[in-house]
Each structure stands twice: as structure tokens, then as C-alpha cells.
K.L.:
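Can you read through this structure? Questions will come right after.
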Amino acid sequence: MKKAVIVINGAGGVGKDTLCNLAARHFKVKNISSITPIKNVAKLCGWDGGKDDKSRKFLSDLKALTVAYNDYPTRWATEEYRAFLASDEQVMFVHIREGSEIAKFVSATDGKAKTLLVRGGTRYGKVGGYGNVSDDDVENYPYDYFYVNEKTLGEAEEEFSALIHEILNA
């Protein structure tokens with residue numbers, strides 16, 4: 001069975017999760033984020049799940065601390081990747097914001113992971129200005145693929161599914 005591992009990134013609000021959900025209508029999908037284990041720690045510190053700029057900076061800073069301490073986010077994502085390889089899932093989306101972390105994960109997959117930047121055209125997302133390196137530097141990586149999310153849901157579903165087919169068959 002062909003499998004694809006896709007590191008997906010883009011400014012907040014461009015529709016990354018929506019696109020992953022649309023892809024799940026056509027493929028067996030595993031959808032993870034390198035921030036998930038950090039969010040679990042953040043909740044212990046009183047984070048209420050907010051997505052405001054202050055919360056985004058807190059999560060970014062906390063992630064940076066865990067990266068410096070023991071590279072926990074990449075180790076966690078790599079374990080999820082190994083579980084994906086042993087599963088019947090076809091596509092694994094891995095949400096990673098920072099270019100250096102993307103590079104580490106791609107390396108951990110021996111270069112099998114492909115990278116995708118979602119842009120929001122003029123209708124979605126905010127580029128820069130969040131006040132944290134995780135969100136403000138999403139454009140600073142040499143991505144393999146780009147997708148501009150500015151279509152209706154129906155059009156996006158068809159177009160994005162075609163892109164996933166392309167990546168699966170590459």
C-alpha cells in the first residue's frame with residue numbers, strides 16, 4: 001500500500017485542519033500535531049485552550065523549552081510516524097510550525113516526509129505579527145508543495161484530494 005507522510009504548515013486560520021478533514025473523506029488519514037504533547041503540559045500550567053496571541057506565544061515558548069531539553073516534540077512525532085507505518089492508514093499529516101523542527105522530522109523519516117505550505121490567499125489567515133517564532137516564520141522553509149486555500153469547500157475538497165493523490169504517487 002502506498003503511504004504519504006505530509007508535514008503541513010501555514011499561518012493560523014488558513015484552513016489546514018479543514019483540508020485534512022476533507023482529505024479524510026477520500027483517504028485513511030492520521031492527523032497529528034507536534035504541539036499536542038506540549039498542549040498537555042500547558043494545561044497542567046493553567047492554559048485554558050485559548051488561541052489568542054498570548055496563548056500562542058506561551059505554547060511556542062514551552063515547545064522551544066522541550067526541544068532544548070530533550071527534543072520531545074520530534075521524538076513524539078517520530079513514534080507516531082512509526083505507528084502510522086504499521087497501520088492501514090494511507091496519509092499522515094504532521095502539523096509542525098518551525099522550519100528547524102520540520103527539517104528534523106523529515107530527517108527522522110529518512111526524507112520520506114514531504115512538506116506542504118498552505119496559504120490563504122486574500123480570504124484566510126494572517127501572515128506574521130503573532131509575536132512568536134513558531135507562527136511568524138512559517139514561510140521560511142523550502143517546502144515541497146504549496147496549496148492556496150481560497151476556493152469553496154467543494155472545490156477545495158476536489159483540488160486538495162488531487163494534490164494528495166499526486167503526493168501518494170510521487
Side-chain angles (χ1 to χ4, degrees), residues 5-25 29-81 91-106 108 113-157 159-160 163-164:
V5 179
I6 302 168
V7 176
I8 188 167
N9 201 2
V14 297
K16 297 176 297 291
D17 285 320
T18 299
L19 291 169
C20 292
N21 291 336
L22 292 175
R25 295 180 182 180
V29 168
K30 179 177 188 133
N31 188 20
I32 69 162
S33 174
S34 66
I35 199 70
T36 297
I38 307 312
K39 285 180 176 179
N40 294 335
V41 172
K43 287 176 185 172
L44 294 172
C45 298
W47 175 65
D48 64 2
K51 289 188 172 187
D52 57 281
D53 289 352
K54 181 179 178 182
S55 294
R56 294 176 82 86
K57 179 163 179 16
F58 172 60
L59 293 173
S60 176
D61 291 349
L62 187 57
K63 183 176 180 184
L65 288 171
T66 64
V67 166
Y69 182 70
N70 66 2
D71 206 17
Y72 182 57
T74 300
R75 289 187 307 111
W76 178 85
T78 302
E79 286 302 316
E80 293 291 315
Y81 166 69
V91 178
M92 179 177 175
F93 289 106
V94 184
H95 299 252
I96 303 176
R97 309 295 268 161
E98 309 83 3
S100 60
E101 293 302 295
I102 293 169
K104 281 196 286 188
F105 181 76
V106 170
K114 299 303 175 195
T115 57
L116 168 65
L117 178 66
V118 178
R119 291 186 173 126
T122 58
R123 298 190 315 171
Y124 305 100
K126 160 181 158 179
V127 177
Y130 287 98
N132 70 79
V133 69
S134 298
D135 287 311
D136 290 342
D137 288 343
V138 297
E139 294 276 336
N140 296 328
Y141 187 84
Y143 295 92
D144 300 308
Y145 297 90
F146 297 88
Y147 182 78
V148 178
N149 188 19
E150 58 183 4
K151 307 245 168 107
T152 67
L153 282 177
E155 292 168 329
E157 181 173 351
E159 193 174 81
F160 193 68
L163 176 60
I164 302 307

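Keep in mind it's a predicted model, so treat the numbers as computed, not measured.
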K.L.:
For Met92 and Ile32, which heavy atoms make the closest approach, and how far apart are they?
P.N.:
CE-CD1, 3.4 Å

K.L.:
Could you check whether any side-chain heavy atom of Val91 comes within less than 4.5 Å of a side-chain heavy atom of Lys30, counting everything from C-beta outward?
P.N.:
no

K.L.:
Does Phe146 form a side-chain contact (heavy atoms from CB on, under 4.5 Å) with Leu116? I'd like the steps, not just the answer.
P.N.:
CA-CA 5 Å; Phe146 297 88; Leu116 168 65; 5.5 Å; no

K.L.:
Mark yes or no for whether Lys16, through its side chain, and Ala11, through its backbone, hold a donor-acceptor pair below 3.5 Å.
P.N.:
yes

K.L.:
Report yes or no: does Arg97 contribute a side-chain atom to a donor-acceptor pair with the main-chain N or O of Ile102 at less than 3.5 Å?
P.N.:
no

K.L.:
What is the minimum heavy-atom distance between Lys63 and Ile38, and which atoms define it?
P.N.:
N-CG2, 3.8 Å

K.L.:
Just jot down the side-chain contact (heavy atoms from CB on, under 4.5 Å) partners of Lys39, sequence neighbours excluded, or say none.
P.N.:
Ile35, Trp47, Leu59

K.L.:
Assess the side chains of Glu101 and Thr74: does a donor N or O sit below 3.5 Å from an acceptor N or O?
P.N.:
yes

K.L.:
Determine whether Val14 and Leu19 make a side-chain contact, defined as any pair of heavy atoms from C-beta on separated by less than 4.5 Å.
P.N.:
no

K.L.:
Please name the pair of heavy atoms, one in Ile164 and one in Ala23, separated by the smallest distance, quoted to 0.1 Å.
P.N.:
CG1-CB, 4.5 Å

K.L.:
Is it true that the side chains of Asp52 and Ser55 contain a donor and an acceptor less than 3.5 Å apart?
P.N.:
yes

K.L.:
Who are the ring pair (Phe, Tyr, Trp, His ring centres under 6.0 Å) partners of Tyr141, not counting sequence neighbours?
P.N.:
Tyr143

K.L.:
OH of Tyr72 to CZ of Arg75: how many Å apart, nearest 0.5 Å?
P.N.:
7.5 Å

K.L.:
Going by heavy atoms in the side chains, are Ser33 and Val94 under 4.5 Å from each other?
P.N.:
no

K.L.:
Could you check whether Asp53 pairs with Lys57 (Lys NZ or Arg NE/NH1/NH2 to Asp/Glu carboxylate O, under 4.0 Å)?
P.N.:
no

K.L.:
Do Thr36 and Trp76 come close enough that some side-chain heavy atom pair is under 4.5 Å?
P.N.:
yes

K.L.:
Taking it one step at a time, do Glu159 and Tyr147 satisfy side-chain contact (heavy atoms from CB on, under 4.5 Å)?
P.N.:
CA-CA 9 Å; Glu159 193 174 81; Tyr147 182 78; 3.1 Å; yes

K.L.:
Can a donor-acceptor pair be found, under 3.5 Å and without considering hydrogens, that links the side chain of Asn149 to the backbone of Gly120?
P.N.:
no

K.L.:
Of Thr78, Ile96, Thr66, which meets side chain to side chain contact (heavy atoms under 4.5 Å, CB included) against Pro73?
P.N.:
Thr66

K.L.:
Nearest 0.5 Å, what's the CD1-CG distance between Ile6 and Asp144?
P.N.:
10.0 Å

K.L.:
Would you call Glu150-Arg119 a salt bridge at under 4.0 Å N-O?
P.N.:
no

K.L.:
Got Thr115 and Asn9 here, is their nearest side-chain heavy-atom distance under 4.5 Å?
P.N.:
no

K.L.:
Donor-acceptor pair, Glu155 side chain versus Thr152 backbone, under 3.5 Å?
P.N.:
yes

K.L.:
Mind telling me whether Tyr81 and Phe105 have parallel, tilted or perpendicular rings, with 30° and 60° as the class edges?
P.N.:
perpendicular

K.L.:
Between Cys20 and Ile8, which heavy-atom pair has the shortest distance, and what is it?
P.N.:
SG-CD1, 4.0 Å

K.L.:
In sequence, state the C-alpha distance, the side-chain angles, and the governing distance for His95 and Val7, and then conclude on side-chain contact (heavy atoms from CB on, under 4.5 Å).
P.N.:
CA-CA 6 Å; His95 299 252; Val7 176; over 6 Å; no

